[in-house]
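Here's the structure, in structure tokens; my notes come after.
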Amino acid sequence: EAKKAGRGTSRIFKPQMNESLRHYLQTCDDLRLALEREELELHYQPQVSLHNSEVIGVEALLRWNHPQRGLLQPGTFIGVAEESGLIAPIGRWVLQEACRQGAAWHRAGWSQLRMAVNLSAVQFRHGQLGPELLETLAESGFNPKRLELELTESTLLHSDSAILATVAQWQAKGIELSIDDFGTGYSSLSYLKRLNVDKLKIDRSFIANLREDEQDRTIVRAIIQIAQSMGIKTIAEGIEDPLVVEQLRAMGCDKVQGFWYSKPLPAGQFEQWFKHYTARAA
Ligand code: C2E
Ligand code: MG
Ligand code: MG
Ligand code: MG
């Protein structure tokens with residue numbers, strides 16, 4: 001009966017329910033209302049070219065401004081959203097909001113700015129993600145050639161031919177496909193064969209100790225070489241150290257993203273950061 005509890009009604013919490021289950025169910029209830037209460041927001045983190053040090057795009061990262069618990073990171077609620085199916089409407093909102101904001105930035109003069117959006121495997125199992133995304137692009141006027149979709153290896157692990165067909169259809173419109181957290185998943189290299197991948201995002205776990213760890217350097221160098229020989233771009237995530245930027249540049253990595261440049265910021269703050277960065281570089 002707790003499952004059937006509709007919107008606006010509160011669940012009956014029995015004393016014998018353990019704390020974590022209560023917390024989970026409460027989060028589900030709150031998340032269901034989060035969309036209509038407009039508590040979700042996107043923060044944007046810059047992606048910087050190592051060829052000319054310009055900001056070439058942003059990654060949109062979801063945040064939940066919870067009325068009691070404050071600003072929540074996706075790690076605290078994406079899992080709940082996926083298990084409850086709420087990721088479908090939430091993911092739809094993320095795509096709409098990212099395209100709306102991206103189109104506004106293009107109109108404001110940053111016409112080359114790319115927008116990267118994360119997709120979860122579960123989103124593909126609900127509704128009509130393929131046509132929905134194309135509709136969102138048409139409605140917002142956002143140029144599909146500036147859109148990148150980030151899928152993790154675990155998403156691709158469960159990918160059936162329908163998912164692959166949807167992705168191929170998007171790519172035909174100019175949308176790019178990035179593999180997120182590359183190197184941490186199962187059988188990473190097989191995806192490079194099965195899919196027409198545009199970009200690899202080298203996982204933060206290989207980047208964090210790049211200065212000291214010879215093994216990490218060997219792995220990262222190998223990933224970049226494989227990517228280059230297949231015509232795939234690379235971006236390293238989790239850059240916190242300017243010396244790592246130089247190491248990656250020397251290895252031939254194309255782009256970087258990390259706290260060294262900026263944490264993910266709300267749109268208005270990102271605009272300030274961007275203007276400041278561009279002025280400093282000029
Ligand atoms: P991700 O796509 O790999 O995103 C990168 C994560 O690394 C972000 O965490 C970002 O804040 C963090 N990060 C960036 N630079 C640094 C750095 O220099 N150091 C460290 N320590 N961390 C850095 P965030 O925003 O908490 O997101 C976590 C994950 O949640 C994302 O990982 C992504 O898998 C998922 N996620 C975020 N937004 C969405 C969304 O809209 N939809 C879906 N399905 N998943 C999302
Ligand atoms: Mg990502
Ligand atoms: Mg990642
Ligand atoms: Mg990650």
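Only heavy atoms go into these numbers, but all of them, side chains included; no hydrogens, no water, no symmetry mates. Order of listing sets the numbers, starting from 1, for every ligand and every atom in it.
When non-hydrogen atoms are compared, ligand 1 lies under 4.0 Å from neither the backbone nor the side chain of V117. Contact annotation: for R204 versus ligand 1, heavy atoms closer than 4.0 Å belong to the side chain alone. Counting heavy atoms closer than 4.0 Å to ligand 1, residue I78 contributes side-chain atoms (C-beta onward) but none from N, CA, C or O. Under 4.0 Å from ligand 1, the heavy atoms of D181 that appear belong solely to its side chain. Counting heavy atoms closer than 4.0 Å to ligand 1, residue E237 contributes side-chain atoms (C-beta onward) but none from N, CA, C or O.
At least one heavy atom of P264 sits closer than 4.0 Å to an atom of ligand 1.
Using a cut-off of 4.0 Å between Lys/Arg side-chain N and Asp/Glu carboxylate O, E150 and K201 are scored as salt-bridged. The residues E176 and R114 are annotated as salt-bridged, a charged nitrogen and a carboxylate oxygen being separated by less than 4.0 angstrom. Using a cutoff of 4.0 Å between basic side-chain nitrogens and carboxylate oxygens, R211 and D241 are scored as salt-bridged.
The closest approach of E59 to the Mg ion (ligand 2), by N/O/S atoms, is made by OE2.
Aromatic pair Y44/W105: ring centres closer than 6.0 Å.
Geometry about the Mg ion (ligand 2) gives an angle of 90° between OE1 of E150 and OD1 of N118, rounded in steps of 10 degrees. At the Mg ion (ligand 3), the vertex angle linking OD1 of D181 with OD1 of D180 is 90° (nearest 10 degrees).
Side chain of R63 to main chain of E41: no donor-acceptor pair is present (N/O by atom type, distance under 3.5 Å, no hydrogens or angles). In this structure a side-chain-to-backbone donor-acceptor pair under 3.5 Å is present from H106 to L113. Remark: side-chain polar atoms of D181 are not paired, donor with acceptor, to backbone N or O of T184 under 3.5 angstrom.
Looking at ligand 1, you won't find any N or O of L119 less than 3.5 Å from one of its N or O atoms. Distances between N or O atoms of L62 and those of ligand 1 include at least one value under 3.5 Å. The shortest N/O to N/O separation between Q45 and ligand 1 falls below 3.5 Å. The shortest N/O to N/O separation between N118 and ligand 1 falls below 3.5 Å. Between R63 and ligand 1, an N or O atom pair is found at a separation short of 3.5 Å.
When only modelled atom types and interatomic distance are considered, E240 and W260 share no side-chain donor-acceptor pair under 3.5 Å.
Under 2.8 Å from the Mg ion (ligand 3) lies an N/O/S atom of E237, whether from backbone or side chain.
Checked options R69, R37, H66; the residue passing with D30 is H66 (criterion: side-chain hydrogen bond (donor to acceptor under 3.5 Å, both in side chains)).
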